[in-house]
Asks: 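Dropping a structure here in structure tokens format, bear with me for questions.
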Amino acid sequence: MRDRLSAARRVVVKIGSALIVDHETGQMRQTWLQSLAADVAARRAAGQEVLIVSSGAIAVGRRHLKLSQSDLRLEEKQAAAATGQIRLAHAFQEALLPHGVTVAQILLTLDDTEERRRHLNARATLQQLLDLQALPVINENDTVATSEIRFGDNDRLAARVAVMIGADALILLSDIDGLYDADPRACETARHISEIEAVTPDIEAMAGAAATGYASGGMVTKLQAAKIALAGGCHMAITDGRVERPLQALADGARSSWFLANATPRTARKRWIAGSLKPKGVLTLDNGACRALQNGRSLLPAGISKVAGRFERGDLVMICNGDGAELGRGLSAYSSADATRIAGFKTSEIENILGYRGRDEVIHRDDLVLD
Ligand code: GLU
């Protein structure tokens, strides 16, 4: 049986700052990066598609700007990222050059992975790059992202990218070889967990206990990433990336924790709907519409009794029954303003009310995921 990494068709590899940047000198760790480049080239030669999500912009840039204090303000981080990102991208380009691989830089914000129209744009660009055999190297667009609209950690960004692009494996290269039931640096009897099928409260409690002392993000954001990945049908591994050729080491059986997505196939769009972070509004349905949805039908305007929140066409909304219980989530074909006007009316009346002929359904069943 092939190992899980080698069995994947499309792989997202997330690289933590500590691996790529020397903490003492602020320099890129060139030898390690070259070994990773060899790994990536080998995967591609074996027919796998690879995308990289790399941290390190802030860690590299702060050095050049002589920002030595440990707690940087947001503006300082943004300045550091602006300085460091160009160096980070250059380092990838140089490392992949001997393998004949073209590197493409993509900088994303939270909205680019959440807001449907922008999500679709980002996805189309990534797909195009893969079709053209380029290697996307992705980071958060730290220079424009303010605190409210910032991921802040690349674990979740990488998971979001993996789901967005329909990857079947996400590999978090970290400074720890997986999840333990206690902090292994503090507790000798900490037990390593090699396979996890769901991020249950018990699993989350382990991360809480083990969070301190880990590098950026810690185990908490890794578990959040696992939830996003699993909801999108993507397996995720945490492994120690500090060794040379870390992907080969993982394929050869290096210690790791694998979070295993259940095998149910979903369409790419449904994957994203299920994994999305932030619904923009709530549609409350009457009983008839609740039943229709459970029977696999689309949501028509007639079944909507209340529209709350502000959203645009294409945004994610939550769907609730009359008691306020969540039934699921979906992409609305109408803005909140238009949905409010057509709520309770027949589909045939949409054109008269709005002055244009929109979609018959407010949420098409293909854009709907029930809990
Ligand atoms: N985007 C940040 C950077 O490139 C890193 C975020 C993280 O460490 O996860 O410096």
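These numbers come from the heavy atoms of this one structure, side chains and all, not from hydrogens, waters or symmetry mates. Every number for a ligand or one of its atoms is a count from 1 in the order of the listing. Not measured: the values here are computed from a predicted model.
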Asks: Of all the heavy-atom pairs spanning F311 and G281, show the shortest one and how long it is.
Replies: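 Taking every non-hydrogen atom into account, CD2-CA, 3.8 Å.
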Asks: Has ligand 1 got any nitrogen or oxygen that is less than 3.5 angstrom from a nitrogen or oxygen of K14?
Replies: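 No: no nitrogen or oxygen of K14 is under 3.5 Å from one in ligand 1.
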Asks: Please find the pair of heavy atoms, one from Q78 and one from D142, that lie closest to each other, and give the distance.
Replies: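 That closest heavy-atom pairing would be CG-O, 3.1 Å.
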Asks: What part of L88, side chain, backbone, both or neither, has a heavy atom within less than 4.0 angstrom of ligand 1?
Replies: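 Contact part for L88 vs ligand 1: neither.
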Asks: Where does N139 meet ligand 1, judged by heavy-atom distances below 4.0 Å: at the side chain, the backbone, both, or neither?
Replies: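 For N139, the contact with ligand 1 is made by the side chain alone.
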Asks: If the threshold is 4.0 Å, N to carboxylate O, is there a salt bridge linking R245 and D39?
Replies: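 Salt bridge: yes.
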Asks: Using non-hydrogen atoms of the residue, decide whether G56 is closer than 4.0 angstrom to ligand 1.
Replies: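 For ligand 1, residue contact (heavy atoms, under 4.0 Å) with G56 is present.
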Asks: Counting both backbone and side chain atoms, is some N or O of I58 under 3.5 Å from an N or O of ligand 1?
Replies: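 Yes; the residue has a nitrogen or oxygen that sits under 3.5 Å from a nitrogen or oxygen of the ligand.
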Asks: Check whether any side-chain heavy atom of K280 sits under 4.5 Å from a side-chain heavy atom of L316, and report yes or no.
Replies: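 No, too far: nothing below the 4.5 Å cut-off.
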Asks: Taking E140 first and then R160, would you say they form a salt bridge - that is, a charged N and a carboxylate O separated by under 4.0 Å?
Replies: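 No, E140 and R160 are not salt-bridged.
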Asks: Run the numbers for me: atoms of ligand 1, each under 4.0 Å from some heavy atom of D142, listed by number.
Replies: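 Answer for ligand 1: 1 (N), 2 (C), 3 (C), 4 (O).
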